[in-house]
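The chains referred to below are lettered A, B, ... by the order of the sequence lines, with proteins before strands, and numbering in each begins at 1.
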Amino acid sequence: MVVDTPLLIVGGGPGALAAAEIASGYSLPTLVVGHVAGAGPAPDFPVALDADAVAALTPHGVLDVLRPYLAVLDPPTLSPRVFEEVLKQHSIADFNVTVYDGLEVEDRDVDPISGVVRGVLTDHRRRWSLTADAMIDTTTFPPGLSDTVNRAVAEVVAVLQQIRTGRAG
Amino acid sequence: MPTPPSEEQVLSWFDDLSNWGRWGDDDRLGTLNHLTPAKRVSAAKLVQEGISVSCSWDIRTGQQPGATVESQRYMLSTGLGLDDEGRRGLMGQGRAGGAQEFIGMVFHGYDVTHLDSLAHLFWDGKMYNGAPASLVSDRQGALKHDVLAVSDGVITRGVLLDIARLRGVDVLEADDQVYPEDLEAAEEAAGVRLEPGDVLLMRTGEGRARREQKRDYNPNKPRSGFQAACLPWLHDRGIAMIGSDVAQDCSPAGYRTVHMPIHMVGIVAMGLWLVDNCQLEDLADTCAKLGRWEFQFALAPIRFQGVTGSPTNPIAVF
């Protein structure tokens with residue numbers, strides 16, 4: 001079987017789930033692979049989201065999902081781990097998002113023109129051929145919560161543009 | 001292995017398998033219309049040994065694998081501190097006491113055994129029978145197709161099709177998806193045939209993995225389940241409700257735009273009632289012990305007004 005998804009997200013961190021939720025808000029089916037919550041620096045230290053991150057998370061109700069878990073309401077303040085755990089469970093319940101834990105993408109190959117990704121999805125027992133129109137890899141995202149959210153937004157916008165035009169940015 | 005239907009074919013089933021209007025414009029029962037009074041009477045005759053078996057998992061508070069949000073328990077009163085100074089009344093130590101709690105949960109997801117109402121899913125902005133999705137709102141919940149549609153419960157014939165047993169494995173591999181051919185082979189092995197108004201329970205064995213791995217169980221992974229090809233089969237057989245030890249759909253389903261086709265086509269187009277995350281290990285053991293795979297099935301949702309389903313404890317009676 002070929003797993004064919006419009007958007008593949010790999011790399012973990014809060015940015016992966018922010019990107020999945022924002023992409024879902026645009027009705028873009030998304031596959032999140034291998035996300036582990038709390039893996040970043042100072043995962044339990046509450047930090048305030050900056051104005052750009054708040055503006056990015058407010059549409060599509062993402063900030064509403066987080067609101068019951070905020071340590072401080074204004075500016076919205078929470079730890080990266082809480083951000084990840086809450087959005088992860090919400091993503092799993094989202095009918096546009098599939099979350100696979102404990103899997104990896106191997107033999108990844110990205111077409112430099114179209115941005116189309118081909119690879120193999122594996123749990124080290126079975127292998128599925130994987131095709132994605134676009135990929136967001138969060139391993140290079142900045143460590144700060146607001147910075148990573150803002151980067152996720154920028155990446156989703158770029159992916160939407162890529163899918164519309166058929167060309168990687 | 002059978003050839004899976006194409007994405008175009010699956011998408012065409014939103015129309016071809018649609019039950020919209022079949023039982024009237026105001027219908028709220030969907031495939032439960034197949035369940036007749038005569039069917040209930042006939043199902044009651046399956047009770048011969050007087051044995052009942054739960055098909056549900058325990059609901060536990062705190063973070064659980066597969067739970068969308070951790071179920072919360074807040075004790076309003078407990079048995080602690082009854083001898084404390086401040087709790088003694090003017091008339092001396094009180095003899096009466098009691099305990100009560102608040103429970104909060106999201107039952108949808110991969111943890112709690114639950115019934116999906118026909119308000120749970122939308123396709124192109126519509127619910128079953130063409131009701132607009134906007135009838136499910138923050139303020140009022142589901143104004144149409146809430147779980148009150150089945151307030152009187154579901155009492156009918158249940159049939160367990162044990163595909164893991166058919167294959168001779170503990171748990172189906174994730175890429176071993178269940179096709180109509182498998183359902184029919186399991187029917188033949190069990191000496192039963194699904195009929196209109198029946199509840200079909202399908203076992204992949206995933207419950208065994210969940211039971212053995214406890215808190216280490218990972219529900220967010222590829223896993224077996226009904227392949228989309230089962231949809232026409234369920235439609236043609238007039239199945240009233242399905243349940244399984246997974247969330248029905250195999251994952252990955254293999255489709256770009258509809259990655260839970262059993263849920264999407266089943267609920268929205270067919271009005272098919274789903275019981276996700278059943279615990280079928282005890283039922284499978286009982287069926288094997290008694291040598292029969294049909295029984296009386298009973299399910300009663302909590303009468304939540306405006307809610308898109310209900311945690312439930314389905315019971316099989318032999």
Which bit of B:Ala247 comes within less than 4.5 Å of chain A, counting heavy atoms only: side chain, backbone, both or neither? neither

Relative to chain A, which segment of B:Pro222 carries a heavy atom at a distance below 4.5 Å: side chain, backbone, both, or neither? both

Residues [X] and [Y]: side-chain donor-acceptor under 3.5 angstrom:
X: B:His114; Y: B:Ser310; answer: no
X: B:Glu8; Y: B:Tyr255; answer: no
X: B:His108; Y: B:Asp116; answer: yes
X: B:Gln248; Y: B:His263; answer: no

Would you mind checking which part of [X] comes under 4.5 Å of any heavy atom in chain B, side chain (CB onward), backbone (N, CA, C, O), both or neither?
X: A:Val32; answer: neither
X: A:Val3; answer: side chain
X: A:Asn96; answer: backbone

Within 6.0 angstrom of A:Arg81 CZ, more than 12 heavy atoms from elsewhere: yes

Between A:Asp101 and A:Lys88, does any NZ, NE, NH1 or NH2 come within less than 4.0 Å of an OD or OE carboxylate oxygen?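 Here A:Lys88 pairs with A:Asp101 in a salt bridge, since their nearest N and O are under 4.0 Å apart.
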
Find the distance between [atom1] ([X]) and [atom2] ([Y]) and round it off to the nearest 0.5 Å.
X: B:Thr204; Y: B:Asp182; atom1: OG1; atom2: CG; answer: 12.0 Å
X: B:Leu118; Y: B:Asp146; atom1: CG; atom2: CG; answer: 10.0 Å
X: B:Met75; Y: B:Ile103; atom1: CE; atom2: CD1; answer: 8.0 Å
X: A:Leu121; Y: A:Asp107; atom1: CG; atom2: CG; answer: 11.5 Å

Are there residues of residues 119-133 of chain B whose heavy atoms fall under 4.5 Å of chain A's heavy atoms? If so, which? B:His120, B:Leu121

So which bits of residues 5-14 of chain A come within less than 4.5 Å of chain B, counting non-hydrogen atoms only?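 Hits under 4.5 Å: A:Thr5, A:Pro6.
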
With side-chain contact (heavy atoms from CB on, under 4.5 Å) as the test, would you mind laying out the steps for B:Met270 and B:Trp13 before giving the verdict? CA-CA 9 Å; B:Met270 295 166 58; B:Trp13 290 339; over 6 Å; no

Heavy-atom pair count under 4.5 Å with chain A, highest-scoring of B:Glu7, B:Lys221, B:His259: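 Winner by heavy-atom pair count: B:His259.
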
Test log, rule salt bridge (charged side-chain N to carboxylate O under 4.0 Å, His left out), inputs A:Arg151 and A:Glu155: CA-CA 6 Å; A:Arg151 175 72 177 272; A:Glu155 293 273 347; 3.1 Å; yes

